[in-house]
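Worksheet: the structure to be examined is printed underneath.
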Amino acid sequence: MADPVVERLRATGVFRMALPADLGGLEADPLVQLRAVERLAEVDASLGWYASIGSDGGYYASFLEPDAAAGMFAADPDAITAGFVEPAGTAAPSGGGYTVCGRWPFGSASKHARWLASGCRVRGGDEGGRWIVALLPHAACTVEEDSWQALGLEGSGSFRYRAQDVHVPREHTFSFDRPRRTTPLYRCPVMYRCTTPGVALGCARVALEEFTDLLTSETRPTTAGLPRESALTQEALARAHAQIASARAYAYTTVSDLWTTLVAGNRPGQRERAGLRLMIAHVTDMCRSAVWDLFRACGGAAVHDHHPLQRRLRDILTLGQHALASERTYQLAGAVLAGLPSQDIAL
């Protein structure tokens, strides 16, 4: 993402939307956050992804001691946080903190991030094997800016990055199983995922809009008549409309129900958390299916690089490869829905 674009995005306040209010953030409810990301993704999927990932720092701050969170975020609540929270690195206990080493993939927004949330396994000591997330300063990491040549989401800057023997104070680390704030937005440790389906929805919705515009603006008849008069085209349009609308309703209903639970003072259990993850996978699948059908309905014209549906297809296919949209999600969620306990703290 180009620097001027990121600065304009920063000026909207989207990167502070999940940050606690006492740190200068908006502490916006998750439905507002979801809609913000969806709207940005209608402009460009990478823009929505940047906002979704870059605003996660607000949730990470809720896992830190108040003084540590204030020191890291209060002076610049619009700071971008990036990273890869799965434990791809190592953390060796040392001097009131950890010595962190590792190389992490998919560091979306890492070029512009102040903090890189980097998942590690603790090696040695009483904590050996524990999964923690270390918030590494950008200056302590090397971002491999030539490492993101991808099918889609080309503007997301999902570069690999690495760190070698970086000392991280213990207060700059956290674990998802130990939330510190009890206000509604931070009561569930995986709330940061609520914006994820907004990217797929925004991408699919604009693909539907562009497809409709192409149909209504094309006045050159083919051997079968005008494109909008084709029964196959009409069917593709109707099916995509229904798929995207139902996926959107599913997303907003799931997030709304989760928010209602939190505001009532309750902590979501494994079933609710599994439901959130299942929704993300299914919404992504439905949006991908809809965009693919629209792309096919465009015929040979869609193979050209300048065709708008090709860009949307590449973006949605890339989104569909994310871990939260994988087949494993259905297996994890299905086991919980069948009444089996899960040991996955990231569920």
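Between Phe106 and Phe84, the ring-plane angle classifies as tilted under the 30° and 60° cut-offs. The aromatic rings of His306 and His304 sit parallel to each other, their planes meeting at less than 30°, with 60° as the upper class boundary. Ring planes of Phe73 and Trp115: tilted class, angle from 30 to 60°.
In this structure a side-chain-to-backbone donor-acceptor pair under 3.5 Å is missing from Glu127 to Val122. At least one donor-acceptor pair closer than 3.5 Å links the side chain of Gln149 to the backbone N or O of Asp146. Ser118 places a side-chain N or O within 3.5 Å of a backbone atom of Leu116 that can act as its donor or acceptor partner. Side chain of Arg205 to main chain of Glu42: no donor-acceptor pair is present (N/O by atom type, distance under 3.5 Å, no hydrogens or angles). Of the possible donor and acceptor atoms, none in the side chain of Thr233 sits under 3.5 Å from a partner among the backbone N and O of Arg228. Ser289 places no side-chain N or O within donor-acceptor distance of the main-chain N or O of Asp285, the cut-off being under 3.5 Å. The closest donor-acceptor contact from the side chain of Glu38 to the backbone of Gly198 lies at 3.5 Å or more, if one exists at all. Side-chain N or O atoms of Thr173 include none that pairs as donor or acceptor with a backbone N or O of Pro169 at under 3.5 Å.
Inter-residue side-chain proximity for Leu185 and Leu262 is flagged as unmet; no heavy-atom pair is nearer than 4.5 Å. The closest side-chain heavy-atom distance from Tyr98 to His167 is not below 4.5 Å. Between Phe15 and Thr81, every side-chain heavy-atom pair lies at or beyond the 4.5 Å cut-off. Residues Tyr192 and Phe176 are in side-chain contact: their nearest non-hydrogen atoms beyond the backbone lie under 4.5 Å apart. Side chains of Gln270 and Leu332 form no contact here, defined as non-hydrogen atoms less than 4.5 Å apart. In this structure the side chain of Leu64 reaches within 4.5 angstrom of the side chain of Met72, judged on heavy atoms. Counting only heavy atoms from C-beta outward, the side chains of Leu319 and Arg288 never approach each other to under 4.5 Å. Side-chain contact check for Leu40 versus Leu9: some heavy-atom pair is nearer than 4.5 Å.
Other residues, nucleotides and ligands contribute over 12 non-hydrogen atoms within 6.0 Å of the CZ atom of Arg187. Taking a 6.0 Å sphere around CG of Asp67, one finds it holds 12 or fewer heavy atoms contributed by other residues, nucleotides or ligands. When the shell of 6.0 Å around NE2 of His138 is examined, it contains more than 12 heavy atoms from other residues, nucleotides or ligands. Counting non-hydrogen atoms of other residues, nucleotides and ligands closer than 6.0 Å to CH2 of Trp292 gives a total of 12 or fewer.
Remark: Arg248 qualifies as a cation-pi partner of Tyr252 under the 6.0 Å distance and 45° angle criteria applied to the six-membered ring.
Taking the centre of each ring, Trp148 and Phe159 stay at or above the 6.0 Å mark.
We find that Arg170 and Glu65 are not joined by a salt bridge, their nearest charged nitrogen and carboxylate oxygen being 4.0 Å or further apart. With respect to the salt-bridge test (charged N to carboxylate O, under 4.0 angstrom), the residues Asp29 and Arg35 do not qualify. A salt bridge links Arg239 to Glu235: one of the charged nitrogens lies within less than 4.0 Å of a carboxylate oxygen. Ion pairing between Arg10 and Asp78 fails under the 4.0 Å rule for side-chain N and carboxylate O.
Nearest approach of Cys188 to Arg273, heavy atoms of both residues: SG-CG, 4.0 Å. Ala290 and Ile244 make their closest contact through CB-CG1, 3.7 Å (heavy atoms, listed as atom of the first residue, atom of the second, distance).
Two different hydrophobic clusters hold Val32 and Val255 under the rule that ILVMFWY side chains link at heavy-atom gaps under 4.5 Å.
Interatomic distance, OG1 of Thr196 versus CD1 of Ile280, reported as 4.5 Å (0.5 Å rounding).
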Chi angles and distances behind the side chain to side chain donor-acceptor pair (under 3.5 Å) call for Trp49, Ser108: CA-CA 8 Å; Trp49 190 252; Ser108 303; 2.9 Å; yes

Working for side chain to side chain donor-acceptor pair (under 3.5 Å), residues Ser156 and Ser46: CA-CA 5 Å; Ser156 68; Ser46 291; 5.0 Å; no

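Sequence neighbours left out, the pairs with a member in residues 291-313 that pass salt bridge (charged side-chain N to carboxylate O under 4.0 Å, His left out) are Asp44-Arg311, Glu210-Arg312.
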